[in-house]
Protein chains: 2
Amino acid sequence: MKKILIVEDEPSIAELQKDYLELSGFDVDLIDSGKKGLDQALHETYDLLILDVMLPEINGFEICKRVREEKDIPILMVSAKKEDIDKIRGLGLGADDYISKPFSPSELVARVKAHLTRYERLSAKSTQTNKQIQIRGIQIDQASRRVYVNKHEVVMTMKEFDLLLFFARNPNQVFSRDHLFERIWGFDSMGDPVTVTVHIRKLREKIEQDPSNPQYIETVWGAGYRFTV
Amino acid sequence: MKKILIVEDEPSIAELQKDYLELSGFDVDLIDSGKKGLDQALHETYDLLILDVMLPEINGFEICKRVREEKDIPILMVSAKKEDIDKIRGLGLGADDYISKPFSPSELVARVKAHLTRYERLSAKSTQTNKQIQIRGIQIDQASRRVYVNKHEVVMTMKEFDLLLFFARNPNQVFSRDHLFERIWGFDSMGDPVTVTVHIRKLREKIEQDPSNPQYIETVWGAGYRFTV
DNA sequence: AATAATCATCAAATAATTTTCAAATATACC
DNA sequence: GGTATATTTGAAAATTATTTGATGATTATT
């Protein structure tokens, strides 16, 4: 869950922001003074910062600049004054975005989400991990089409891989030979579904400890096969 | 000088954008069709992209998605429709910002500047490494287009270099011949994807110890090729 | 304009996968 | 327990994909 810090001294606005962001599933902290806000931002870990420009003690510009020196998180500035907006733009403060008051709460939420998404994209190459399927001792990397059984790589042929992937994506369901043939081979493919059997065997030889006693791909008599989790 | 690509089919708007951005010191290219725009965006180097959503042939969403898969530059989407704006937000396209028509030119310039600044800030750390790719025994210097295998320079032709660079940027992923052909040769390029094969071989002859037993660019039967790290 | 380098095309050779088939084995039902 | 039905298995045949070398076309360089 993403943590957001809001530094805003006007209670009504602060509460409005907090409510909407929490409703969208964020973990929100609220602070009403610039001094405390800066301290909190520097010493706690947040994923995003929302700063009001006009604040007691230390203003939003100053906080932005100071935080930016140390932290690399998205910072959104909020202000009612047009001059402020220009200042945010012009001055190289390192703010990521600005929102002018009055703003619609949904606009705020949209911006927050956009910045968090972008930040994730730029910082971590998280794209790699979401293509991985891990089921019991079997790990499937879709992008590289590699399969590991108990951490050891097992080289699969195309049909074997497709079959395994299909099972892994639909575990604990029984599929008939005909059904599997349609799904993996294509519904307009000519040929005989019995060929599925042979591939099941090949697959078992590669992933099962004892292929005649399968622990992953089980035979369901009269119905088909099931990848058991 | 920062290079910007605008993909916009309405000449009056396109010219307006171009004029203002050039006045602000940017180097601007203008393209009026989605297909050509995507091709240009993928094969030239730009610092920022401005995409109209409604375009002939290929729309802005599609371009955004495809460019994002390869390039890590700010993308601004432009649209008149409110539904589009919502779509840009909602769909995880990877757009960095959206601008609704009609827009003030100064607003556009401000946004462009903001995104370029932010992007520079974020990539500042990795800037050195950005131009150099080092994978196992292979070092690629993008700026000079030089390749070193085990510290020894290997001279590459254009296609060989492009192919290697693409693989190096996307390691451990299987790409089909068709996919590679689209990416390296351009998606609207006529010709046959089998030509990829020949270049793969040439590349292997240059970077592999034993080209018939490749350690870097592996053949994944029935699926394509994979640059293994 | 000549030369060199690169790129595209093709067909033969090779390699790997997929399919087929029949015998063997297992399961369900009477 | 016996029979019909379903599944497994092994090996060979058929198919499909990839590699390779040679050749002509294109492009850049001198």
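The sequence lines fix the lettering, A, B, ..., with proteins before strands; numbering per chain opens at 1.
By the 4.0 Å N-to-carboxylate-O rule, A:Arg111 lies close enough to A:Glu107 to be salt-bridged with it. Using a cutoff of 4.0 Å between basic side-chain nitrogens and carboxylate oxygens, B:Arg68 and B:Asp96 are scored as salt-bridged. Look at B:Arg145 and B:Asp162 and you find a salt bridge, because one of the NZ, NE, NH1 or NH2 atoms lies within 4.0 Å of a carboxylate O, short of that distance.
Put simply, CG on A:Asp178 is 11 Å from P on D:dT7, counting in whole angstrom units. Spacing between atom NZ of A:Lys202 and atom C1' of D:dA11 amounts to 10 Å, rounded to whole angstrom units. Regarding A:Phe175, its CZ atom lies at a distance of 16 Å from the P atom of D:dT7, rounded to whole Å. Across the protein-nucleic acid pair, B:Trp185 atom CH2 and C:dT9 atom C1' stand 13 Å apart, rounded to whole Å. Between B:Arg201 atom CZ and C:dC10 atom C1' the separation is 12 Å, expressed in whole Å. The separation between A:Arg177 atom CZ and C:dT19 atom P is 15 Å, rounded to whole Å. Protein atom CG of A:Asp192 is 11 Å distant from nucleotide atom C1' of C:dC21, rounded to whole Å. Remark: C1' of D:dT15 and CE of A:Met158 are 12 Å apart, rounded to the nearest angstrom.
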*Walk me through it: do B:Phe103 and B:Gln17 pass the test side-chain contact (heavy atoms from CB on, under 4.5 Å)?*
CA-CA 10 Å; B:Phe103 54 86; B:Gln17 294 180 350; 3.1 Å; yes
*Could you check B:Leu21 against B:Val109 for side-chain contact (heavy atoms from CB on, under 4.5 Å), going step by step and ending with a plain yes or no?*
CA-CA 6 Å; B:Leu21 288 169; B:Val109 172; 4.1 Å; yes
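One finds no side-chain N or O of A:Thr219 lying less than 4.0 angstrom from the OP1 or OP2 phosphate oxygen of D:dA6. In terms of phosphate contacts, B:Arg204 brings a side-chain nitrogen or oxygen within less than 4.0 Å of OP1 or OP2 of D:dT19. A sub-4.0 Å separation between OP1 or OP2 of C:dA8 and a side-chain N or O of B:His199 is present. Contact between the side-chain N/O atoms of B:Thr195 and the OP1/OP2 oxygens of C:dA8 is found at a separation under 4.0 Å. At the phosphate of D:dT8, OP1 or OP2 sits under 4.0 Å from a side-chain N or O atom of A:Tyr225.
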Please write out the pairs of protein N or O atoms and N or O atoms of nucleotides 26-30 of chain D separated by less than 3.5 Å, giving the distance to one decimal.
none

Check: protein-nucleotides 24-30 of chain C nitrogen or oxygen pairs below 3.5 Å:
none

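Within a 6.0 Å sphere centred on OH of B:Tyr20, other residues, nucleotides and ligands contribute 12 heavy atoms or fewer.
Judged by distance alone, the side chain of B:Asp32 and the main-chain N or O of B:Pro11 form no donor-acceptor pair under 3.5 Å. In this structure, the side chain of B:Asp47 engages the main chain of B:Lys3 through a donor-acceptor pair within 3.5 Å. For B:Tyr46 (side chain) and B:Ile6 (main-chain N/O), no donor-acceptor pair under 3.5 Å exists by modelled atom type. At distances below 3.5 Å, at least one donor-acceptor pair connects side-chain atoms of B:Gln134 with backbone N or O atoms of B:Arg136. Listed for the B:Glu8 side chain is a donor-acceptor partner under 3.5 Å among the backbone atoms of B:Glu10.
When each of A:Ala223 and A:Met190 is assigned the nucleotide of DNA chain D with its nearest heavy atom, A:Ala223 is the one assigned upstream, toward the 5' end. Residue-to-nucleotide proximity on DNA chain C shows that, of B:Val155 and B:Gly191, the 5′-proximal contact is made by B:Val155. Both B:Glu205 and B:Gly222 lie close to DNA chain D; mapped to their nearest nucleotides by heavy-atom distance, the more 5′-ward contact belongs to B:Gly222.
Heavy atoms of B:Thr197 sit under 4.0 angstrom from at least one base atom. Among the atoms of the strands shown, none is found under 4.0 Å from any heavy atom of B:Phe181.
Between A:Phe166 and A:His179, the ring-plane angle classifies as tilted under the 30° and 60° cut-offs.
Listed by residue number, the members of residues 209-218 of chain B with any heavy atom below 4.0 angstrom from DNA chain D are B:Ser212.
Looking at the side chain of A:Val198, the nearest of the listed nucleotides C:dC7, D:dG10, C:dA8 is D:dG10.
A:Tyr225 pairs with exactly one of A:Arg177, A:Glu218, A:Gln173 by the side-chain hydrogen bond (donor to acceptor under 3.5 Å, both in side chains) rule, that one being A:Arg177.
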